[in-house]
2 protein chains.
Amino acid sequence: MAEHAGVSQSTVSRALANSTSITEATRARVIKSAEALGYMVDTRAAQLRQGRTGTLAVVVICRAGEAASDINPFYFSLLGSVCAAASGMGYQTLVSFQATPDQLFGKYEESGQADGVIVIGTTANDAAWQYYRDLSLDGRAVVFWGSPFDELEWVRSDNYEGGLIATQRLIAAGYRNIVHLGAVDSPQRQFRERYEGYQAAMAAAGRPASLQEVDYEADRETQGRSAIAAMVERGDIFDGLFIACDSIALGAMDELRERGIAVPQQCGIVGFDGIRAGIHTSPPLTSIEPDFEVAGALLVATVLGEEGAQMAERRVPVRLLERGSVRSAE
Amino acid sequence: MAEHAGVSQSTVSRALANSTSITEATRARVIKSAEALGYMVDTRAAQLRQGRTGTLAVVVICRAGEAASDINPFYFSLLGSVCAAASGMGYQTLVSFQATPDQLFGKYEESGQADGVIVIGTTANDAAWQYYRDLSLDGRAVVFWGSPFDELEWVRSDNYEGGLIATQRLIAAGYRNIVHLGAVDSPQRQFRERYEGYQAAMAAAGRPASLQEVDYEADRETQGRSAIAAMVERGDIFDGLFIACDSIALGAMDELRERGIAVPQQCGIVGFDGIRAGIHTSPPLTSIEPDFEVAGALLVATVLGEEGAQMAERRVPVRLLERGSVRSAE
DNA sequence: CTGAAAGCGCTTACAG
DNA sequence: CTGAAAGCGCTTACAG
């Protein structure tokens with residue numbers, strides 16, 4: 001390559017790396033040769049020399065035995081946003097799906113494969129979270145979406161705000177007995193925050209908070225179904241539901257339909273996550289959606305240790321996605 | 001590292017690479033030192049020397065302006081399956097989402113970043129397909145999911161079979177006027193194949209085939225809605241629909257509901273792709289699902305140029321996912 | 001502004 | 001079975 005352009009290897013490198021200490025004439029010649037020869041810089045070699053990788057690892061934690069098509073679609077949206085944000089910052093993304101303990105691998109930094117790790121996915125996989133927690137405590141650059149551990153670097157939705165506006169919306173529509181379907185003691189820290197937002201809105205309206213716990217060991221749809229079944233069989237009175245996650249809400253809606261409870265007439269529902277499947281239920285599911293673009297950008301900025309990616313700013317704003325599972329405000 | 005274990009660099013390398021020409025005693029010592037020092041082989045350097053990358057690039061072609069949450073969930077399932085299959089073969093996966101012409105990048109092989117490229121995603125993005133077609137014609141290892149070009153290396157669902165069994169199911173349930181919603185001349189080659197399966201089943205039942213074309217420039221849900229709107233407004237008689245893709249079917253079901261046409265009583269529906277959102281429509285959407293595990297494995301084997309990954313075997317088997325949008329067989 | 005040389009961290013003939 | 005040396009394809013001080 002250097003030979004073809006009649007310059008040294010150093011000059012080729014500088015020309016292609018846009019170094020300023022190169023005549024435009026020389027650069028042009030080098031570039032023309034590169035095109036003629038179909039030459040491209042070997043990224044591996046360049047990065048080895050530079051001591052960086054230009055790559056970020058994104059690991060999606062799954063439940064054991066969960067196929068790709070069973071993964072909560074919310075995480076796929078997040079994955080896409082992270083890849084886009086990384087690409088915008090000039091980083092490639094090494095993606096892997098990890099479920100069982102033997103699949104766990106996060107030593108990307110140690111093996112020179114990535115400059116940092118972004119962990120997203122189900123918090124129910126204890127082994128995985130312990131593994132990545134240790135990695136982080138070991139001083140590696142790893143950032144989590146919605147970590148169960150406060151000491152780690154995390155980025156989360158503004159869950160409190162989401163719970164607040166979801167509940168306010170239900171109250172404004174005139175529903176009286178609004179129950180929250182979720183969990184306060186699960187590793188899903190985000191669930192507790194959503195509950196607290198719900199609680200605040202209820203308190204402000206002078207109404208008691210009421211929580212129906214879901215069994216987070218079960219799959220999400222079963223969680224929703226079982227929760228509704230339990231409430232109905234107990235004879236609970238409710239006409240509004242703020243549900244901690246859309247996938248759970250989908251199961252809840254199925255159960256309500258089978259039991260003949262009409263949404264939104266007899267029961268209003270607001271979910272959380274804004275997944276697309278909620279567009280096609282009947283009625284479509286009203287939900288709280290985080291700003292995915294901000295989520296991706298924040299995760300990437302945080303793992304890269306950017307200035308400005310301070311703790312206080314790691315909250316992703318949310319908005320109400322008005323669809324059809326809540327009747328109009330009174 | 002070598003110093004700590006009291007051996008040469010070569011020995012360290014051989015011990016860690018499980019070379020047979022190493023005493024177990026030496027290997028044990030090296031491994032212990034590695035653990036003590038937290039040493040790991042630098043993958044980049046190893047691969048540079050070995051002339052391979054141990055990595056596969058997976059590019060998801062999107063529509064311009066499409067956010068991650070708008071991507072057809074089918075492709076996410078496929079993406080997950082590909083990553084899992086690659087991982088099973090000892091390969092990492094470099095994932096990117098590409099929509100606009102300036103985002104197009106597939107020179108992973110040339111730049112030493114991957115040993116091959118797997119292209120999946122919407123066929124409606126002409127520029128992208130041309131780009132990857134050129135890359136493939138240039139001799140690069142690139143394999144496509146459902147390519148519009150016959151000369152490329154592709155892996156596809158057994159679309160003909162899928163169309164056949166979907167239509168047979170509708171016929172068996174006693175629906176008389178079964179229409180296909182799809183396209184025969186779109187770049188989606190798979191759509192034509194699905195139509196042909198439909199056609200064969202109709203012919204075998206002695207019934208005429210009837211095609212309602214969708215406008216593949218629009219987004220998928222609009223395609224479904226508009227197709228139904230057109231049929232109803234024209235006064236077409238139909239009581240069965242085999243729809244080329246679930247995302248289109250979801251839109252069609254929304255439109256049917258709004259127009260008061262009951263599924264499956266007045267109209268039976270079978271979609272294609274088996275996306276999860278179809279579980280929560282009412283009724284749930286009966287669909288044809290490819291075996292994702294086989295799809296991922298075949299894509300990976302093909303791009304790696306494995307023996308046995310012959311053309312004839314690049315068809316992914318499909319099965320009927322019985323849900324609720326077709327009434328029981330008579 | 002450009003070139004010759006060193007070196008990033010490995011693996012692999014080549015000797016012994 | 002193990003070591004010394006070369007080399008994978010780059011970038012970057014160091015000279016000029």
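In what follows, every chain begins at residue 1, and chains take the letters A, B, ... in the order their sequences are listed.
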### Parallel, tilted or perpendicular, as decided by the 30° and 60° cut-offs, for the rings of A/Y132 and A/F144
perpendicular
#### Entry: First-last contacting nucleotides on DNA chain C - partner chain A, under 4.0 angstrom, heavy atom
C/dC1 to C/dG9
### Query
Are A/V155 and A/V143 close enough that some pair of their side-chain heavy atoms sits under 4.5 Å apart?
yes
### Task
Take A/S13 and A/S10 through the side-chain hydrogen bond (donor to acceptor under 3.5 Å, both in side chains) test and state the conclusion after the steps.
CA-CA 5 Å; A/S13 173; A/S10 323; over 6 Å; no
### Task
Can you sort out the partners of B/D138 under salt bridge (Lys or Arg N to Asp or Glu O under 4.0 Å), two or more places apart, ordered by chain and number?
none
### Summary
Taking Watson-Crick and G-U wobble contacts under 3.5 angstrom, with | marking pairs to another strand and [ ] crossing pairs, the secondary structure of DNA chain C is written |||.||||||||.|||
### Message
Classify B/S13 by what it touches in the nucleic acid, base, sugar-phosphate, or nothing, heavy-atom distance under 4.0 Å.
### Response
base
### Query
Would you find a donor on one side and an acceptor on the other, under 3.5 Å apart, between the side chain of B/S111 and the backbone of A/D42?
no
### Query
Checking B/R156 against B/W154: charged group under 6.0 Å from the ring centre and within 45 degrees of the axis?
yes
### Message
Once you apply a heavy-atom cut-off of 4.0 Å, does A/S10 come out as touching a base, just sugar-phosphate, or nothing?
### Response
base
### Summary
Rounding to 0.5 Å, atoms CZ (A/R44) and CZ (B/R49) come to a distance of 12.0 Å
### Message
Does anything in residues 102-114 of chain B form a salt bridge (Lys or Arg N to Asp or Glu O under 4.0 Å)? List the pairs, not counting sequence neighbours.
### Response
B/E110-B/R140
### Task
List in numerical order all residues of residues 35-47 of chain B for which some heavy atom is under 4.0 Å away from an atom belonging to DNA chain C.
B/Y39, B/M40, B/V41, B/D42, B/A45, B/A46
In residues 82-89 of chain B, what donor-acceptor pairs under 3.5 Å come from side-chain atoms, sequence neighbours left out?
none

### Query
When you look at CD of A/E66, are more than 12 heavy atoms from neighbouring residues, nucleotides or ligands closer to it than 6.0 Å?
yes
### Message
I'd like to know whether the aromatic ring centres of A/F74 and A/F292 sit less than 6.0 Å apart in this structure.
### Response
yes
### Task
Describe the nucleic acid contact of B/L48 in one word from base, sugar-phosphate, nothing, applying a heavy-atom distance below 4.0 Å.
base
### Message
Taking the nucleotide of DNA chain D with the nearest heavy atom to each, does B/Q9 or A/V12 sit closer to the 5' end?
### Response
B/Q9
### Task
Map A/T23 and A/Q50 onto DNA chain C by nearest heavy atom, then report which one ends up closer to the 5' terminus.
A/T23
